[in-house]
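Here is the structure we will look at.
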Amino acid sequence: MENKTEDLQKETVEDKKEDTQEDEESMDMSNFDQIEKVLENDFCTNTKFLDYERQMFLDIIYNDGLVICAKGISYERVLLNLFKVYVHPENLIIVLNSDDYEEKYYTKLLDSPNVHQASSNSTEREKTYLAGGVQFISTQVLVLDLLRNKIPVELITGIIVLRAHKIIESCQEAFALRLYRQRNKKGFIKAFSSCCEAFTMGYGHVEKVMRNIFVRDLFLWPRFHALIQKNLKTYEPISVEFHIPLTLKMTQIQTNLIDLMNFLVKELKRINPTVDLEEVSVENCVSKRFQKILQSQMDVVWDQLSSKTKMLIRDLQILRSLMFTAIYGDSVTFFSALKKYRSADYALNNSGWTLLHAAEQIFKLSKERVYNSKDEFDPESCPKWKALSDILKVEIPSDIKSIIQDEAYEFDKEKQIKILVLCNDSRTCHQINYYLTQGLERTLFFAALKNDVSVQKLSKKYEKVTGTGSVKDCMNVKQIQDPQPLAPTEKSKESEKIPLRLAEKVASKRKVHVNQETKNSEELQSVTSKDTLDFENTEDTDILKDTFILTMSQQINGNETVLACDFDTTLKDHVKFETFRDDCLEESLNVSNIVAKMEKPTVFIQTYRSDILRMSSLSQTLQEMSPDYVVLYNINISAIRQIETFEARYQRHKKRRLKVFVLMHGKTVEEQSFLTSLRREKQAFELLIETKRKMVVPEYQDGKTDILDPHRELEEDEKEVDTRKAGGQSSDVKKENPRIIIDSREFRSELPCLVHRSGLEVVPAMISIGDYIITPDICVERKSISDLIGSLNCGRLYNQCQQMTRFYSKAILLIEFDQNKSFHLQGRYMLSRDSESMNLDIMQKLQLLTIHFPKLRLVWSPTCYATVQLFKELKLHKEEPNIEQVLKQTGTDEDPMQELAVASDNYNTNIYDFLIKLPGVNSRNIHGLMRNGKNFKNLLKLTQADLSDILGSVKDAKSFYDSFHSAPKQVKKVEEKSYKQKKQMRKY
């Protein structure tokens, strides 16, 4: 049956080839006609291409190349129309490096039966390959299908690669493209990227990326491109900038924080004169790329740095997070975040910045922002809150009235006004939503309750929140349940009860969490994310939503006004905001349906990059909503350019264009960070333009010639020549190609790609013993540092070594390090950086492993490149492994390909690989666990008895249950034991 199936598949592929060759000319003509239709009218919006979009489309449709766009200059429409040209059964287009949302988004817009998403069933994938069209597929699956000849490579029309800046020579995408180019010389490769700065990191990065994706042309589209400037300048939106000054205390806090950061940077460079720290500066510390800069500068030499240096780096990250909390957060949140750094425990574990005069000033000013001179709770308001409120309540209604009075412009008074407020993250969205609906006093008082800020007295303006100003009434949260109503509607009354439940929970948990301190640098680094508005454990709220919808109305003497043009701007305190709630619409977040249902002026509060609408969420929102006003609460380069592109596409009259209000703290870190990002992008494009001018691209780089990879072919030609046999003449006997059998689950790593690139043949198989079969006698189990620690702790490595030594005479445990990090076992690779006992425990387990298995060889490899060289040396003058023999040794007679297909048909391979690593889970009980477990949340609810029935073993069930429900051991006890062990060892 299997032979018949293979024969039928071969006949189908051959018939497909013949039909393709016969219809090649007609297909080219149909593609050309489709290109002409696309150029006339963009099918996405039924509007014409902008000039730069048209040129970008023409450049990439007729040439293979790499397109690099600036932030906000999206290639999304070009890509969609590119799909539209090739979405035909006679074409087969593979799309790599796309995420789940992009697949759904493009599939919805294309609305064609010829658009397919990768199936977990290998048989179904073979059918979809032969059906043609546009195929969205994961790179790992594509590599396996190419190696197993499950995909007709000769019939592939082309491959489109997204996020090309991530393509390096050892990644899966480069592996797939190399396999594709080896057997298909006619198909195209087109790559896209919108991260220009990534191509400037390292030496010759853009040339390496172009070489890895087999393209020769580079297309650059910066914001200062002549075509882009011409399109966006003509129809630019009306912008109003509000340079909001910081309060005096905020300015002083910012100055002192910069002084502290400057001190730490100077101290860091003084202690490490030999380390390249040119990029570590105060200017870069406040930029978004600071974490990447630190990683690139410090990862390689991390083990060589002193404890003082590591402490300085940690404190620099803490001051950076405090800076952002002071600028973007409220006074109560900043005071709560700063409070933990004045504790005695932290004072003994920092670089000494808390003892400086600037730090003392910060502690003093942060307290003065929350409490007045009478020690009453009277926190300082965020400056942007009042500016946002004035824009919504005064500026926009006044602008509408001025438009109505203009006789030259006809304005519909009953038109629904739509306002879009854009923020950086979901916490800021919730903060603004709570401020607009609940008011200033309730927002800050609730923040004090949540962050456990001590409130002894209340000022007069906070009496309306609690009823009286006494401390007893303040701490009695139940008295806040019946405050004065903000709006007479039922929805607003329900929304008022939301913070009360939260306050009760905070008050009940206050005793439990009073002594908890942040102990490691990762927790300290996430100060802003955990200390500012962390509502993950709350109920009946949508705290972490990235979109809020509010309606706006004005009530005067009991009369409600719902038209913005009728608002009395002198009575702005009477303007009320109510939360729009509709479960059916909120689940789908269909903006057009929500807008159609509104009658009052609507305010949409949304992040620039939402979780639900991640890619080009702002562009899609602008198109579906078509707002009248946009408020940029946090300035963003990409958002500004997307708004400019939106206006340029519709080419409206100046008075009908979008009006944008930009809120920015002038002469602050926020403005400096914005200007720094602009400068960095401009410098990156200037460097790329200069590189393109000087770049030498060989003719064979596109892979369409006979020379695909000179490095690979040179190594293939290098053979051992024996001069004793006829003067070194080559024999007629053809040598078998050197090959390595690799476990299919190992294709997530970089090693299989580099093995194939070195000239060795790669044979994927689902093998249960080892990861790499080098020769019939040599088996290698590869472990990364994190995997090694997990395998040692759960005992899985012992079973793996036992099986390897049983079936192979030369078993090797390969411990591989990350090439971007130091070749050092201690420090950051351990589960606990501060506990020496953990390091000792790992070393002791490795020693026990070698004692139990004396034939086992431990090999330490600094990088995957060194591993490839090791494999080639181990294979010299050795026999090639046989897949049938490997299956017999492992005790399974089934075909590994069939076993892999069965596993992929029935289960999600990602979940399978995750569960198999858990304690108590093995190959015998994992199938029952995946069938009966439903989901991970349900597994956590099962009792130990239920797990024993599923796993078939009480011992395995106890191990699985304890790993999730048992409390972790205290570090102190472990350290005491390790100290005793050290003492005993010294005696001997």
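These numbers come from a predicted model, not from an experiment.
- Side-chain atoms of L436 and L392, non-hydrogen and from C-beta on, do get closer than 4.5 Å to each other.
- F335 does not carry K367 over the face of its six-membered ring by the limits of under 6.0 Å from the centre and within 45° of the normal.
- Under the salt bridge (charged side-chain N to carboxylate O under 4.0 Å, His left out) criterion, K308 pairs with no residue at all, not counting sequence neighbours.
- I605 CD1 to S426 OG: the interatomic distance, rounded to the nearest 0.5 Å, is 12.5 Å.
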*Give the intermediate values and the outcome of side chain to side chain contact (heavy atoms under 4.5 Å, CB included) for residues N284 and V280.*
CA-CA 6 Å; N284 290 332; V280 180; over 6 Å; no

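- For the atom pair CZ of R442 and CG of L449, the computed distance is 10.5 Å after rounding to the nearest 0.5 Å.
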*Run the side-chain hydrogen bond (donor to acceptor under 3.5 Å, both in side chains) check on E267 and S351 step by step: do they pass?*
CA-CA 10 Å; E267 190 71 11; S351 58; over 6 Å; no

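- With sequence neighbours excluded, the residues forming a salt bridge (charged side-chain N to carboxylate O under 4.0 Å, His left out) with E279 are R680, listed by chain and number.
- Remark: D425 engages R427 in a salt bridge (charged side-chain N to carboxylate O under 4.0 Å, His left out) (not counting sequence neighbours).
- Side chain to side chain, Q317 and S321 fail the donor-acceptor criterion of an N or O pair below 3.5 Å.
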Please output the side-chain donor-acceptor pairs of residues 662-669 that fall under 3.5 Å, not counting sequence neighbours, one pair per line with the distance.
{"from": "H665", "atom 1": "ND1", "to": "I244", "atom 2": "O", "distance (Å)": "3.1"}
{"from": "T668", "atom 1": "OG1", "to": "H665", "atom 2": "O", "distance (Å)": "2.5"}
{"from": "T668", "atom 1": "OG1", "to": "E670", "atom 2": "N", "distance (Å)": "3.4"}

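- The backbone N or O of S287 sits less than 3.5 Å from a side-chain atom of R320, completing a donor-acceptor pair.
- Paired with L260 under the rule side-chain contact (heavy atoms from CB on, under 4.5 Å), one option of L319, L322, D315 passes, and it is L319.
- Partners of T309 under the side chain to side chain donor-acceptor pair (under 3.5 Å) rule, at least two apart in sequence or in another chain, are N272, S306.
- Judged by distance alone, with hydrogens and angles left aside, the side-chain atoms of N349 form no donor-acceptor pair with the main-chain N or O of Y346 at under 3.5 Å.
- The side chain to side chain contact (heavy atoms under 4.5 Å, CB included) search around K364 returns Q361, E368, not counting sequence neighbours.
- Going from atom SG of C423 over to atom CG of N636 covers 11.0 Å, rounded to the nearest 0.5 Å.
- Applying the side chain to side chain contact (heavy atoms under 4.5 Å, CB included) test to K266 and every residue at least two apart in sequence or in another chain returns N262.
- Listed by chain and residue number, N372, E376 satisfy the side chain to side chain contact (heavy atoms under 4.5 Å, CB included) test with K374 (two or more places apart in sequence, or in another chain).
- Taking the six-membered ring where tryptophan is involved, the planes of F661 and F242 are tilted, since the angle between them lies from 30° to 60°.
- Counting only heavy atoms from C-beta outward, the side chains of F674 and R679 never approach each other to under 4.5 Å.
- No donor-acceptor pair under 3.5 Å is formed between the side chain of N256 and the backbone N or O of I362.
- With sequence neighbours left out, the salt bridge (charged side-chain N to carboxylate O under 4.0 Å, His left out) criterion links K461 to D378.
- Although no hydrogens or angles enter the test, the distance criterion places a donor-acceptor pair under 3.5 Å between the side chain of S366 and the main chain of F363.
- F199 and H205 have tilted rings, their planes meeting at an angle from 30° to 60° on a 0 to 90° scale.
- Applying the ring pair (Phe, Tyr, Trp, His ring centres under 6.0 Å) rule to F685 yields no partners; only residues at least two apart in sequence or on another chain are considered.
- The side chain to side chain contact (heavy atoms under 4.5 Å, CB included) search around Q672 returns E283, T676, not counting sequence neighbours.
- The structure places CZ of F604 at 13.0 Å from SG of C429, a figure rounded to the nearest 0.5 Å.
- Take Y435 and apply the ring pair (Phe, Tyr, Trp, His ring centres under 6.0 Å) test, not counting sequence neighbours, and it matches W385.
- A side-chain donor-acceptor contact under 3.5 Å links N793 to the backbone of I789.
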*Does the pair E380 and V370 meet the rule for a side chain to side chain contact (heavy atoms under 4.5 Å, CB included), with working shown?*
CA-CA 6 Å; E380 189 178 65; V370 179; over 6 Å; no

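- Comment: E197 does not engage K682 in a salt bridge, judged by the lack of any side-chain N to carboxylate O separation of less than 4.0 angstrom.
- Interatomic distance, C285 SG to L257 CG, rounded to the nearest 0.5 Å: 12.0 Å.
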